[in-house]
Amino acid sequence: MLDEHRSGRLTAWGNALIAGFAAPDDAAHHITGDDVVHRVTGLPGESGPVGLTLALGRLRALGARGLRLALPAPGHPLGLSGPPEFNARALEAEEAVVASGVALGLVPEVYEAGPEGDVHVEVLWHCLPVREAPPADVPSLGEAERELAEALRDATEVLSRLDVAGSGPVAQAALDAYRARAERGREVLAPGYPPRAVRVLELAQRVGALIAIAYEPGDGEGREHGGAVSASEIAARAEALRPVERTARRAQVAAYNAMVEERERDRH
């Protein structure tokens with residue numbers, strides 16, 4: 001969960017571009033990240049795939065006032081508003097972007113080629129019709145921050161109670177390693193986002209790191225899944241951490257959507 005979703009980068013930098021905080025080429029560069037190329041297909045008025053810079057400009061010309069992130073999971077259509085066809089595609093990808101002000105959404109399809117360590121990644125964003133309605137289950141930043149504080153305590157307690165390998169110093173070292181790996185070359189959100197959104201996203205990623213640690217291989221003595229020794233314990237851990245993971249995903253969506261939510265409030 002510490003790895004930034006491509007839809008998160010598109011949401012953050014697309015919002016920065018639309019709001020005038022980032023130049024088109026700069027936004028496209030940050031969205032592409034370490035991938036080779038991103039293209040968008042299905043845009044109204046375009047007969048084939050186009051580059052990110054043109055696509056973002058076209059969305060803005062069509063009336064997009066901002067972008068919202070969706071991170072759906074089975075049984076939890078987080079950030080989605082329909083129709084079923086779009087929701088199904090977003091659920092398969094486990095992420096999507098929904099435009100505000102124009103009934104369009106984007107779902108990434110990732111193509112990988114090459115040997116391990118030298119993987120060539122291309123992303124094709126499918127632009128599809130969406131229903132203009134409030135997104136499902138997205139909290140406010142304030143709600144997300146309160147929920148996360150509780151989730152962080154719950155995650156720490158679960159890891160200790162279920163005897164996760166090194167739920168003290170070893171887990172902290174693993175958490176530091178996750179954070180260092182995530183932060184190399186990473187800019188949290190994009191220009192124009194409120195500081196509270198950055199704080200919420202960082203806390204959500206910390207909770208996500210703790211969840212990831214729970215499913216890491218154990219201490220090198222045959223203990224796998226962070227120290228679990230039986231299938232029943234593995235199942236118990238997954239059940240205990242599921243609501244914590246759900247809270248962290250909701251907070252991520254709230255953080256990425258903060259700029260467009262703020263702009264929408266100012267309009268009314």
I need the Leu67 CG to Leu106 CG distance, nearest 0.5 Å.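 Nearest 0.5 Å value for the CG-CG distance: 7.5 Å.
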Please round to the nearest 0.5 Å and tell me the distance separating atom NE2 of His30 and atom CG of Asp25.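 Rounded to the nearest 0.5 Å, the NE2-CG separation comes out at 12.5 Å.
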Begin with the C-alpha distance, continue with both residues' side-chain angles, and end with the deciding distance and a verdict on side-chain contact (heavy atoms from CB on, under 4.5 Å) for Arg6 and Leu10. CA-CA 6 Å; Arg6 291 180 173 89; Leu10 177 56; over 6 Å; no
For [X] and [Y], work out which heavy atoms get closest and say how close.
X: Tyr193; Y: Ala255; answer: CE2-O, 3.4 Å
X: Ala251; Y: Leu148; answer: CB-CD1, 3.3 Å
X: Glu132; Y: Ala103; answer: CG-CB, 3.7 Å
X: Ser7; Y: Leu69; answer: CB-CD1, 3.5 Å
X: Leu189; Y: Trp13; answer: O-NE1, 3.6 Å
X: Met259; Y: Ala16; answer: SD-N, 4.1 Å

Under 3.5 Å, is there a donor-acceptor pair between the Asn15 and Tyr256 side chains?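 No.
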Output the rest of the hydrophobic cluster of Phe86: all Ile, Leu, Val, Met, Phe, Trp and Tyr residues reachable through side-chain heavy-atom contacts under 4.5 Å, sorted by chain and number.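 So far as hydrophobic clustering goes, Phe86 is joined with Leu80, Val98, Val107, Leu128, Val130.
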Cluster partners of Leu91, using ILVMFWY side-chain heavy atoms under 4.5 angstrom, listed by chain and number?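 Members besides Leu91: none; it forms no cluster.
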Heavy-atom count around Arg39 CZ within 6.0 Å, excluding the residue itself: above 12?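 Incorrect, the count does not exceed 12.
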Got a sec: does the CD of Glu94 have more than 12 other heavy atoms crowding it under 6.0 Å?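 For Glu94, atom CD is not crowded (no more than 12 foreign heavy atoms under 6.0 Å).
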Sequence-distant partners of [X], side chain to side chain donor-acceptor pair (under 3.5 Å), two or more places apart:
X: Glu150; result: none
X: Arg60; result: none
X: His29; result: none
X: Arg131; result: none

For the residue pair Trp125 and His38, categorise the inter-ring angle as parallel (less than 30°), tilted (30 to 60°) or perpendicular (more than 60°).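 Ring orientation, 0 to 90° scale: tilted.
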Go through it in stages, so that I can follow the logic: the residues are Thr11 and Asn257, the test is side-chain contact (heavy atoms from CB on, under 4.5 Å), and I'd like the CA-CA distance, side-chain angles, deciding distance and then a yes or no. CA-CA 8 Å; Thr11 298; Asn257 294 2; 4.2 Å; yes
According to a 4.5 Å side-chain heavy-atom criterion applied to Ile, Leu, Val, Met, Phe, Trp and Tyr, with indirect links allowed, do Val260 and Leu201 form part of one hydrophobic cluster?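 Different hydrophobic clusters.
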Qualifying residues under side chain to side chain contact (heavy atoms under 4.5 Å, CB included), relative to [X], sequence neighbours excluded:
X: Leu104; result: Pro44, Leu59, Leu62, Val102, Cys127
X: Pro24; result: Leu17, Thr53
X: Ala55; result: Val40, Leu43, Val50
X: Glu112; result: Val110, Val119, Val121

Residue pairs passing the side chain to side chain donor-acceptor pair (under 3.5 Å) test where at least one lies in residues 78-93, sequence neighbours excluded: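 Residue pairs passing side chain to side chain donor-acceptor pair (under 3.5 Å), neighbours aside: Arg89-His126.
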Got a list of side-chain donor-acceptor pairs under 3.5 Å for residues 137-145, not counting sequence neighbours?
{"residue": "Asp137", "atom": "OD1", "partner": "Arg250", "partner atom": "NE", "Å": "3.4"}
{"residue": "Asp137", "atom": "OD1", "partner": "Arg250", "partner atom": "NH2", "Å": "3.4"}
{"residue": "Asp137", "atom": "OD2", "partner": "His76", "partner atom": "NE2", "Å": "2.6"}
{"residue": "Asp137", "atom": "OD2", "partner": "Arg250", "partner atom": "NE", "Å": "3.1"}
{"residue": "Ser140", "atom": "OG", "partner": "Glu143", "partner atom": "N", "Å": "3.1"}
{"residue": "Ser140", "atom": "OG", "partner": "Glu143", "partner atom": "OE1", "Å": "3.4"}
{"residue": "Glu143", "atom": "OE1", "partner": "Ser140", "partner atom": "N", "Å": "2.9"}
{"residue": "Glu145", "atom": "OE1", "partner": "Arg196", "partner atom": "NE", "Å": "2.8"}
{"residue": "Glu145", "atom": "OE1", "partner": "Arg196", "partner atom": "NH2", "Å": "3.1"}
{"residue": "Glu145", "atom": "OE2", "partner": "Arg199", "partner atom": "NE", "Å": "2.7"}
{"residue": "Glu145", "atom": "OE2", "partner": "Arg199", "partner atom": "NH2", "Å": "3.3"}

